[in-house]
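What follows is a single structure, written as structure tokens, with notes after it.
Throughout, a chain's letter reflects where its sequence line sits, starting with A, and its residues are numbered from 1.
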Protein chains: 2
Amino acid sequence: MTPSAQSTQPRRSDATRAAILRAARERFAADGYERATIRAIAADAQIDPSMVMRYYGSKEGLFAAAAEFDLRLPDLTSVPPAQLGEVLVRHFLARWEGDETLVALLRAASTNPGAAERMRGIFADQLTAAVATFGTDPALTARRAGLVASQVLGLAFTRYIVRLPPMVDTAPEELVAWIAPTLQRYLTGTPPS
Amino acid sequence: MTPSAQSTQPRRSDATRAAILRAARERFAADGYERATIRAIAADAQIDPSMVMRYYGSKEGLFAAAAEFDLRLPDLTSVPPAQLGEVLVRHFLARWEGDETLVALLRAASTNPGAAERMRGIFADQLTAAVATFGTDPALTARRAGLVASQVLGLAFTRYIVRLPPMVDTAPEELVAWIAPTLQRYLTGTPPS
DNA sequence: ATTGCATGTCAACATCCGTTGGCCTACGGT
DNA sequence: ACCGTAGGCCAACGGATGTTGACATGCAAT
């Protein structure tokens, strides 16, 4: 422990590590897991492919590091219950437009089992936990969270992956207006008979 | 034209072609486009990889043949307007469970541009056409169809690809009950301000 | 100044992939 | 019975990919 008494002293290669991670996220988001090659990522980051192996061990390890993600869901207990749906869609849409990590994860989850597992974790843990904070019936929270995930992921899939023209061209605010009632019902609606 | 006067006389290799196509659909559905190798498909069909090339030209050509698909949407004009949503979810769910072609297309669409293009065609053409048969405002039909696609594809993505536990465990009838009102509103609901 | 270690480069290996061309076999029309 | 041709198999090529190891370089502590 030489200069600063931090638990992890800053390494000289941090810039390189960050460049690799940034390039990896771009490539994974644009091409998916298998088409995104280590060589292409290294070229983008202007370093040698072997550095990727040194710092992240393997392609799987690189993806695991690049796909680290937090939904950053707001505290739903401080949201008026009638606006839960609207708040959620707006949050997801903003989170998706601002960070390509989720697109990378979404693309990779279709073919890579590890990515699917990670996606399952994110939505089963973070989203379910958020729904549980205000839910009444614990037996239904998982199902409500799953339904919300189905609509939110469907929105992302059609807008960012398949790029269905109507979903790409529609303004975010209009999407929010259409989809918010759906999430609202999934979250607080009475379950069907 | 020996026996029957059909325009395309049956070839002796039809059984092989069908075996290849069946194996291809399975592999594409299970592994996605890039992980599904021609060698593995040929092994499943118990033939030589070169036969795939002879009959389908290339891997792209094989996929194009294996991903041929028709949604077989029912005639929506003969459906009571209040039940449009329910009829549609039920139809999609049945179509998805009964034919793995759609799963193959869905998986491949994440990474393969051609598959995404095909998916765009299916939903932009077939679904939009079906919605247009009863729609009142032509300017809105594309958007309504896109919203329906977002929920339906999200359902498929979470249930068959990511395999989110709540979406996998829930019975089809209960999913129909939850999701039908969503499609109903996307199809016939009044647009937001 | 010298040593040690992190950083980076270069070349190569082993494997797998899509694809190709040559060759054998057996059916079907004559 | 004969022969053309379609069906099928085998071996190989060219290229790409993940991964590895040996070797250079430069910073930092002694």
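- Using the six-membered ring where Trp is involved, A:Y160 and A:W96 have ring planes that are parallel, under 30° apart on the 30 and 60° scheme.
- When the nucleotides D:dG18, D:dA12, D:dG8 are ranked by their closest atom to the side chain of B:R39, D:dA12 comes out on top.
- Atom CD in A:Q46 sits about 14 Å away from atom P in C:dC10, given to the nearest Å.
- For the pair A:M51 CE and C:dG8 C1', the interatomic distance rounds to 5 Å; values are reported in whole Å.
- Using cut-offs of 30° and 60° on the angle between ring planes, the pair A:F63 and A:Y33 is perpendicular.
- Within the nucleic acid shown, A:S50 comes within 4.0 Å of at least one base atom, counting heavy atoms only.
- With C:dT9, D:dT19, C:dT7 as the candidates, the nucleotide lying closest to the side chain of A:P49 is D:dT19.
- Residues passing the side-chain contact (heavy atoms from CB on, under 4.5 Å) test with A:R54, sequence neighbours excluded: A:M51.
- With C:dG8, D:dC9, D:dT17 as the choices, the nucleotide that has an atom nearest any side-chain atom of A:T16 turns out to be C:dG8.
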In residues 80-93 of chain A, what donor-acceptor pairs under 3.5 Å come from side-chain atoms, sequence neighbours left out?
residue: A:E86; atom: OE2; partner: A:R90; partner atom: NH2; Å: 2.3
residue: A:R90; atom: NH1; partner: A:E173; partner atom: OE1; Å: 2.8
residue: A:R90; atom: NH1; partner: A:E173; partner atom: OE2; Å: 2.6
residue: A:H91; atom: NE2; partner: A:L71; partner atom: O; Å: 2.8
residue: A:H91; atom: NE2; partner: A:R72; partner atom: O; Å: 3.0

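- The residue B:Y56 sits apart from the nucleic acid: no heavy atom pair falls under 4.0 Å.
- Side-chain proximity of B:I38 to the nucleotides C:dG18, D:dG7, C:dG8 is greatest for C:dG18.
- For the pair B:M53 CE and D:dC9 P, the computed distance is 16 Å after rounding to whole Å.
- Between C:dG8 and A:Y55, a contact under 4.0 Å exists linking OP1 or OP2 to a side-chain N or O.
- Here C:dG8 presents its P atom at 10 Å from CG of A:D14, a figure rounded to the nearest Å.
- Between B:R27 atom CZ and C:dC17 atom P there is a gap of 10 Å when expressed in whole angstrom units.
- Put simply, CD1 on B:I47 is 20 Å from P on C:dT25, counting in whole angstrom units.
- Proximity of A:V152 to A:L183: side-chain heavy atoms (C-beta onward) are separated by under 4.5 Å at one or more points.
- Distance, B:R54 CZ to C:dG22 C1': 11 Å, rounded to whole Å.
- Here D:dG18 presents its C1' atom at 13 Å from CD of A:E34, a figure rounded to the nearest Å.
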